[in-house]
There are 2 protein chains.
Amino acid sequence: MRKESSTNLENEVQINASCGMAYTLDLIGGRWKPTILWRLLNCGSLRYSKLRKSMPNISERILILQLRELENDGLVSRMIFPEVPPRVEYKLTELGLRLEPVLRLLSDWGDANRPTGD
Amino acid sequence: MRKESSTNLENEVQINASCGMAYTLDLIGGRWKPTILWRLLNCGSLRYSKLRKSMPNISERILILQLRELENDGLVSRMIFPEVPPRVEYKLTELGLRLEPVLRLLSDWGDANRPTGD
DNA sequence: CTCATTACTTACATTTATGTTAGTACTATA
DNA sequence: TATAGTACTAACATAAATGTAAGTAATGAG
């Protein structure tokens, strides 16, 4: 939950409104969003259970939270199939797909510049 | 301060080690780092006081904290001039400069895709 | 009736990020 | 002596992000 007013929030809002970089990072940042976006980018469309199994260390609560945020930000769409047991598929929206070059560059830069493990 | 062990930290370490995107975002993410990096990128070298005056809403403590983290991560260098009053200049290292295309792409994407204010 | 499957939700707890306020050492200048 | 400028630091406080454990509704299979 977020407070309705706090210096913290005011700063966030103001920076996101004035700095494109901060805005983009706010959309894709956080512990798990990069991984989620990467999976959706590479798989096209993923059922919730499959996405979850591909990320063994995230808790269900957090996964759902992140998916909801991505959905609210317009990057991911959620499609419910009226079946039993339920089936819900997530995929990138058009806006989300537009992130592809950004995600690839971030990934490449990290792989190229991360200190090696030896 | 960070705990020496927690699921939270373990997840962070593990993701950063396996996902280039997460690693990059960890370096440049957070409330103020994008702005700091942007200033240094455009100004070349900045004295602490000038940097601070260009960011009226950040508290000194946080600014110093972010600068220290950027320095520890090798993106920013800190040069002390033995004068009185003290003078300290910050600038991007070679590694930091390598981020330029990443930062520009993030900035351009945000400016292009941020919902307009009307 | 019992159990399994799916996509969640709820209540709670901990960890991390960010912010506030005051203070420091040094020296030049008035 | 008092004041101002610089680049910080310390103690404290709050907000936000992340994690844990358990529970739910619907239905088909056995």
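So you know, we letter chains A, B, ... as the sequences are listed, proteins then strands, and number each from 1.
Inter-residue side-chain proximity for A:Val76 and A:Lys91 is flagged as unmet; no heavy-atom pair is nearer than 4.5 Å. Under the 4.5 Å side-chain criterion, counting only non-hydrogen atoms from C-beta, A:Trp38 is not in contact with B:Cys19.
The CZ-P distance, from A:Arg68 to D:dT18, rounds to 17 Å in whole Å. Between the CG atom of B:Leu51 and the C1' atom of D:dC8 there is a distance of 14 Å, given to the nearest Å. When rounded to the nearest whole Å, the span between CD1 of B:Ile64 and P of C:dG19 equals 15 Å. Computed from coordinates, the B:Glu12 CD to C:dA17 P distance equals 7 Å when rounded to whole Å. In this structure, CG of A:Leu67 is placed 16 Å from P of D:dA17, rounded to the nearest angstrom. If you measure from atom NZ of A:Lys50 to atom P of C:dA7, you get 12 Å, rounded to the nearest angstrom. Between the CG atom of B:Leu63 and the P atom of C:dA17 there is a distance of 17 Å, given to the nearest Å. Rounded to whole Å, the distance from CE on B:Met79 to P on D:dA7 is 14 Å.
Checking the phosphate oxygens (OP1, OP2) of C:dT5, no side-chain nitrogen or oxygen of A:Tyr48 falls inside 4.0 Å. Residue B:Ser49 has a polar side-chain atom (N or O) positioned under 4.0 Å from OP1 or OP2 of D:dA7. Residue B:Arg52 places none of its side-chain N or O atoms closer than 4.0 Å to OP1 or OP2 of D:dC8. Considering only side-chain N and O atoms, B:Arg47 lies nowhere under 4.0 angstrom from the phosphate OP1 or OP2 of D:dT6. Contact between the side-chain N/O atoms of A:Ser6 and the OP1/OP2 oxygens of D:dT14 is not found at any separation under 4.0 Å.
Side-chain heavy atoms closer than 4.5 Å link hydrophobic residues (I, L, V, M, F, W, Y) into clusters, and following such links, possibly through other members, connects B:Leu106 to B:Leu95.
Taking the side chain of A:Pro85 as heavy atoms from C-beta on, and the options D:dG5, C:dT6, D:dA16, the nearest nucleotide is C:dT6.
Between B:Pro86 and A:Arg78, the residue whose closest nucleotide on DNA chain C is further toward the 5' end is A:Arg78. Toward the 5′ end of DNA chain C lies the nearest nucleotide of A:Arg87, the other residue of the pair A:Arg87 and B:Leu65 mapping further downstream.
B:Leu40 pairs in a side-chain contact (heavy atoms from CB on, under 4.5 Å) with only one of the listed residues (B:Leu75, B:Leu46, B:Thr93), which is B:Leu46.
A:Arg87 pairs by the salt bridge (Lys or Arg N to Asp or Glu O under 4.0 Å) definition with A:Glu83, A:Glu89, not counting sequence neighbours.
Residue A:Tyr90 is in sugar-phosphate contact alone, with no base atom involved, counting any heavy-atom pair closer than 4.0 Å across all strands shown.
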Please list each protein N or O that sits under 3.5 Å from an N or O in nucleotides 20-24 of chain D, with the distance.
| unit_1 | atom_1 | unit_2 | atom_2 | d |
| --- | --- | --- | --- | --- |
| D:dT20 | OP1 | B:Thr7 | OG1 | 2.9 |
| D:dT20 | O4 | A:Arg61 | NE | 3.4 |

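Annotation for B:Trp32 and B:Ile58: closest pair CG-CD1, 3.4 Å, computed over non-hydrogen atoms. Looking at every heavy atom in both residues, A:Ile36 comes nearest to A:Gln66 through CD1-CB, 3.6 Å.
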